[in-house]
Structures are given as structure tokens and as C-alpha cells.
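To start, the structure under review is shown below, and the notes come after it.
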Amino acid sequence: MKMELIQPFINAGDAVLSETLKCSTQIGDVNMDEEVYRRKGMAALITIQGDIEGRVILDLDTKTAAAIATALMGSPVAETDSAVQETIFELSNLIIGNAVTTLNDQGFRFKIHPPELHTAEHGINGSEDTEALVMCLDTPAGSVYMNIAMRYNRRRKTERESVVRA
Amino acid sequence: MEQFAALMRSKDRQPIRYLVVDDSVFARKNVTKMVESFGGNVAGEAGDGCTAITEYDRAIPDIVLMDITMPQMEGIEAAERIIRQHPDARVIMVSSVGYQENIVAALQKGAKHFVQKPVKAEVLYEVIKYVMGEDAVAVEGAAAGDSK
């Protein structure tokens, strides 16, 4: 498991949810996904390509999404598909953006694709070099699941430069 | 939401006018709510960089709150174009992607400051005060919305 690639996403998920919901969150179940991914609610899939590559799936049920949306907006938000989708996309952008900031400052360069709605019953399998970690962040609004599969693709910029200098 | 002393323009004691640019309707609503709690008025909104440029020309706001990652034209390019046309424009970048290269690029193009998402109201308030400088005054006792 490439923890140095996965940890920024865990930290970002924790920080963004704590800040958004103004509460403490707890990391619940964590396990490696050896089976195909089965979403629990509505999910956003974000693909990353570059020095590191892989994908993150953010998954939450409509009730949790509506509760988070309500916290984000400061006023009640209905459990409609559009509100739920918008919440999941916004949460994804916040979490991925914060994680990307950490990874970029560590020297990794990559492109983030906009979130896509993940509606299939199963996702992408983990593989030998792209293990998927599934974790649950427990919040007062409900559980938020993150499925993270990330691997090295190329050397990071500073390593490439040191190779060139040598 | 926390109570803030209303920020008004020094020259005429009118509310500061904002252009809020973000491709997420959700994010725009959130930022709009914050600036209204600072006593400001949202003079325009845009969901991409191209619209932001035309909205700026139309509304001539005091402050632009600009997301970076957007469709069609990203925030840094839109900020650069706005500042080229309006050298006095005050653009604050607001993004979840806050790595150094992005921040430096935005500042080099003329943006005045950077605020990382998720936006904390107290941080945004202080940044707006800093960017407005002597062109704004905080009016104690004026609750949000009193100025509108």
C-alpha cells in the first residue's frame, strides 16, 4: 500500500468534513478492497493522471449528502438528486483539492479530471500495483466512504532533476 | 454564522460590491451568503472565466472572488484578462487547490490574495479588509443586510 500517496487524501477528507460540519470526525472501518467496488449511495469518481495515477471514489447516501449540504449552506436542503449530486461533487472538489495541494508541494505533478457521477453497481478492481483502500469517515451527518487507489507512474520532478544533474 | 462588522466603501459608505465566480452553484451560494454577512452586495455571478470577464465589464465590482479550476477558461487566465483591462481590479483567488505554483502564478498575474477552500468566513473577512485597505471601513453595529 502506498501510504504516502493515500495519506493526503485521508487527511484532506478528515479536515474538510471537520471544517464543513464544524465537528470532529472519526475514521471508522478501513480495509483493502480486493473485490470490485460496490457503491453504498451516490458516488463521485475522480481520476488522477501524471507522476502518480489512480482514482478516488467518494460515496455517501442521500440522507448523509442532504445533511452535509444543509451544513454547507446553513439552510435546509432537500434529498433531491440534484442537491445530493452537487454536494458530492463539491465535497469531492474540496477533498481532492486539499490532497492535491499536499502532493503537489511534495513534487508530484499530475492532472485531476473533474468528478464524474459513478452510477455503476461496481467500480474498478484493485490490482497488484493499484491497491484500493476503502475507508469510512464517521460524522454526525452520517458515514462518508472513500475508495482510494493510487500508484506511482513516473519519478517526481525533483528526482527527475537530480537524475539529469547526475 | 458569526456576526461581522459591516465592511463599507470609504468613499461613499455604500456596501462593497462583489463578483462571485465559481463553476459550482453550491460554492457560489456559500460565498454569497458569507459576503452578505459582511454587509456586501453581490453585483454579479459567473460560472466560468469567460462569463466572469463580461460580468466584470458590466458590473465593475469592488472585489472579485475567483475560483481557479473552471470549464472553458480557468480563473487565473480570467483574472489576468480582467486586470489587463482594469488595472485597479481587486481579484482574490478562492480555490481548494492551494499549492505554491498556483498561488505564485495567480499573484504574478495580478491577483491580490488567495483563500483556500473550504472557506472560513473569518479568514475571508480579514482578506477582504486587507485587500480593500483604506478603501473600506468596518462599521461596528451594522448587522448583515442593514446596508442593503
- prompt: Once you round to the nearest 0.5 Å, how far does CD of A:E19 lie from NZ of B:K117?
  reply: 14.0 Å
- prompt: Taking all atoms of both residues into account, what is the closest heavy-atom pair of B:Y99 and A:T101, and its distance?
  reply: N-CG2, 3.5 Å
Ion pair check, B:K29 and A:E86, cut-off under 4.0 Å: no
message: If you count every heavy atom of other residues, nucleotides or ligands that lies below 6.0 Å from A:D29 atom CG, does the total exceed 12?
response: no
field: Reported CG-to-CZ distance for the pair A:L94 and B:F26, which is rounded to 0.5 angstrom
entry: 9.5 Å
query: Could you give the distance from CG (B:N30) to OG1 (A:T20), rounded to the nearest 0.5 Å?
result: 8.5 Å
query: Shared ILVMFWY cluster between B:L65 and B:V21, side chains joined below 4.5 angstrom?
result: no
query: What part of A:A99 lies closer than 4.5 angstrom to a heavy atom of chain B: side chain, backbone, both or neither?
result: neither
field: Over 12 non-hydrogen atoms of neighbours within 6.0 angstrom of CD in B:Q85
entry: no
message: Please determine whether residues B:V97 and A:I48 belong to a single hydrophobic cluster, defined as Ile, Leu, Val, Met, Phe, Trp and Tyr linked transitively by side-chain heavy-atom distances below 4.5 Å.
response: yes
message: In this structure, would B:Y130 and B:M93 fall into the same cluster of hydrophobic residues linked by side-chain contacts under 4.5 Å?
response: no
Within 6.0 Å of NZ in B:K120, more than 12 heavy atoms from elsewhere: no
message: Please tell me whether B:V31 and B:I76 are part of a single hydrophobic cluster in this structure, the criterion being side-chain heavy atoms less than 4.5 Å apart.
response: no
- request: Considering only heavy atoms and a distance below 4.5 Å, find which of A:N98, A:L103, A:V100, A:V77 pairs most often with chain B.
  value: A:N98
- request: Could you grab the distance from atom CG of A:L91 to atom OG of B:S96, nearest 0.5 Å is fine?
  value: 11.0 Å
- prompt: Would you say A:K22 has more than 12 foreign heavy atoms packed within less than 6.0 Å of its NZ?
  reply: yes
field: Between CD1 on residue A:I96 and OG1 on residue B:T69, distance to nearest 0.5 Å
entry: 12.0 Å
message: Test your reading of the model: is there a side-chain donor-acceptor pair from A:D105 to the backbone of B:Q100, 3.5 Å cut-off?
response: yes
task: Work out which heavy atom in A:V16 is nearest to a heavy atom in B:P118; give both atom names and the distance.
output: CG2-CD, 4.1 Å
